[in-house]
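Just so it is clear: chains get the letters A, B, ... in the order the sequence lines come, proteins before strands, and each one is counted from 1.
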Amino acid sequence: MSRFAMPLLRWYKKAGRDLPWRKTTVGGVPPDPYAIWVSEILLQQTQVSTVLPYYHRFLSNFPTVQSLAAAEIDDVLKCWQGLGYYARARNLLLAARRIVDRFGGTVPLTLSELLTLPGIGRSSAGAILNIAFSQRHPILDGNVKRILVRVFCITKDPKERQVTEKLWRLSESLLPKTRADHFTQAIMDLGATICTPAAPKCDCCPVSRLCKGYQKGLQNKLPIRPVRKKTPHYDYVCAIIRNGEKVLIKKRQETGLLGGLWEFPGGRVSNLCSDASPSRGSKVGMGFIGKSLNEIIEKEVGQSVALTPLGLEIKHAFTHFKMTIHLFAGSVRKSKTQLPLKWVPIDQLKEHPFSSAHQKIILKLQNVRQSRRDLWCG
DNA sequence: GACACGTGGCG
DNA sequence: TCGCCAAGTGT
């Protein structure tokens, strides 16, 4: 066993985290590969504290791969609502169906088979085999990358292909012959609790003695980050269109940004004069861009819409852009619709998966309800 | 190889 | 307010 694995495993025994997916069982026999798989997908690009409530909710809704495979996408997305990266939920459902159809309902236990499943890449496949089946496969997630970059004092951008390949080789080389599953969870715990992105606690680190980055005092500089372009800002409009107690909502196309989620009809305005945005210092309002506005909403709704500005807006930030959504009240003539449009009683909105941005809209409308009775409950 | 893909917390 | 950051994968 390497000089790296030995102290790490000793540390893990006393300081490792107690996480729910580490004590899963099937009929009393641990572990449950399905639960491990679900946890790995939930944890992609997402911290443990964020995942915990989702993990419990997801497994109680879909306790087995069969139950997931039989589910509808709206129910899976509803369970995923607010977590982000919704392609994970779509792919999880697709993969569950494929496991039932092609793998007899059992999570496959080879790397090549796992890699055929949507949403499972090299790192997640390695983690599943490693943790669920005690197979000796390396992983390379954010934690492992950061640790390796520091321990081996790699001063180049880890995103470069050659650097990534080197990190995979290093991850593989450190993996002990036995207890690879403990090692993998140990190194992730180390990254999450000691070798953190900012202010790593090197004083408490079991491998600081052999950390080249620490020896050179570079632990706070690594990994190096290439300068990021600043994210653009876009203005959106959306319409709260009511008919009695019902509201018109629309399901987004199944792929791409927020794919499959429901939202209030609207879209991006390209020719919004900067003066028209109250959020940027003016009280001019949205009136004079009315034409383009109606075009956007009417294209979404498929009929003419009478719009009134509500003087409300919500702001939201994605990884790659920021947006301000300007809210309007709308009314239409025809109440007949077909998917992806749907009239929904207001109290049934919560049955549908919405993005966080549109959840903010719902909250905002509920909050102004007292003073603006006209807007939401009539 | 570069970019798309969410969200909430933090300094 | 803003940029950075977190258990990656798909195109």
- Would you mind telling me which residue lines up with the more 5' stretch of DNA chain C, A:W21 or A:G119, judged by nearest nucleotide? A:W21

- Query: Just checking A:I120: base, sugar-phosphate only, or nothing, at a heavy-atom cut-off of under 4.0 Å?
  - Reply: sugar-phosphate

Atom pairs and distances, donor-acceptor, side-chain atoms in residues 96-104 of chain A, under 3.5 Å, two or more places apart:
{"from": "A:R97", "atom 1": "NE", "to": "A:A69", "atom 2": "O", "distance (Å)": "3.1"}
{"from": "A:R97", "atom 1": "NH2", "to": "A:A71", "atom 2": "O", "distance (Å)": "2.6"}
{"from": "A:R98", "atom 1": "NH1", "to": "A:T116", "atom 2": "O", "distance (Å)": "3.0"}

- Task: Working to the nearest 0.5 Å, report the span between CD1 of A:I325 and NZ of A:K364.
- Result: 11.0 Å

- Message: What is the distance, to the nearest angstrom, from the CG atom on A:N91 to the P atom on C:dG10?
- Response: 6 Å

- P atom, C:dC4 versus B:dC3: distance in rounded Å? 15 Å

- If the P atom of B:dG6 is compared with that of C:dT11, how far apart are they to the nearest Å? 13 Å

- Query: Does a donor on one side chain and an acceptor on the other come within less than 3.5 Å for A:R88 and A:Q44?
  - Reply: no

- Query: Between C:dA6 atom C1' and A:R17 atom CZ, what is the distance in whole Å?
  - Reply: 12 Å

- Query: Do the side-chain N and O atoms of A:K212 and A:Q215 include a donor-acceptor pair separated by under 3.5 angstrom?
  - Reply: no

- Task: Output yes when A:R90 and A:E254 qualify as a salt bridge under the 4.0 Å nitrogen-oxygen rule, no when they do not.
- Result: no

- Has A:R225 got a side-chain N or O lying under 4.0 Å from the OP1 or OP2 atom of C:dG3? no

- Message: For a quick check of understanding: with a heavy-atom distance under 4.0 Å over all strands, which category does A:V144 fall into, base, sugar-phosphate or nothing?
- Response: nothing

- Message: Using whole Å, what does the distance between atom C1' of nucleotide B:dA4 and atom NZ of A:K229 come to?
- Response: 12 Å

- Message: Measuring from atom CD of A:Q303 to atom CG of A:L248, what distance do you get when rounded to the nearest 0.5 angstrom?
- Response: 8.0 Å

- Query: Taking only N and O in the side chain of A:K322, is any of them less than 4.0 Å away from OP1 or OP2 of C:dG3?
  - Reply: yes

- Item | Euclidean distance, atom CG of residue A:L42 to atom C1' of C:dA6 [Å, nearest integer] | 14 Å

- What does nucleotides 5-11 of chain B look like as a protein-contact string, B for base, S for sugar-phosphate only, - for none, at under 4.0 angstrom between heavy atoms? BBBS---

- Item | Salt-bridge contact A:E165-A:R161 (side-chain N to carboxylate O under 4.0 Å) | yes

- Message: Is it true that A:T110 and A:E113 share a donor-acceptor pair across their side chains at a distance under 3.5 Å?
- Response: yes

- Message: Taking side chain to side chain donor-acceptor pair (under 3.5 Å) as the criterion, tell me which of A:R252, A:H352, A:Q359 meets it with A:E263.
- Response: A:R252

- Task: Remember a base hit wins even if backbone is also touched, and classify A:L115 as base, sugar-phosphate or nothing at under 4.0 Å, heavy atoms.
- Result: nothing

- Nearest whole angstrom, please: distance from the C1' of C:dC5 to the NZ of A:K145. 14 Å

- Message: What is the separation between atom CD1 on A:I139 and atom P on C:dA6, rounded to the nearest whole Å?
- Response: 14 Å

- Query: Can you check the A:K230 NZ to C:dT1 P distance for me, whole Å?
  - Reply: 15 Å

- Query: Passes ring pair (Phe, Tyr, Trp, His ring centres under 6.0 Å), A:F318 versus A:F321? Steps please.
  - Reply: CA-CA 5 Å; A:F318 296 95; A:F321 70 93; 4.9 Å; yes

- Phosphate OP1/OP2 of C:dC5 contacted by A:R146 side-chain N/O (<4.0 Å): no

- Query: Going by heavy atoms closer than 4.0 Å, what residues in residues 185-192 of chain A are next to DNA chain C?
  - Reply: none

- Message: Taking any heavy-atom pair under 4.0 Å as a contact, classify A:W80: base, sugar-phosphate, or nothing.
- Response: nothing

- Would you kindly give the NZ-to-P distance between A:K315 and C:dT1, to the nearest whole Å? 8 Å

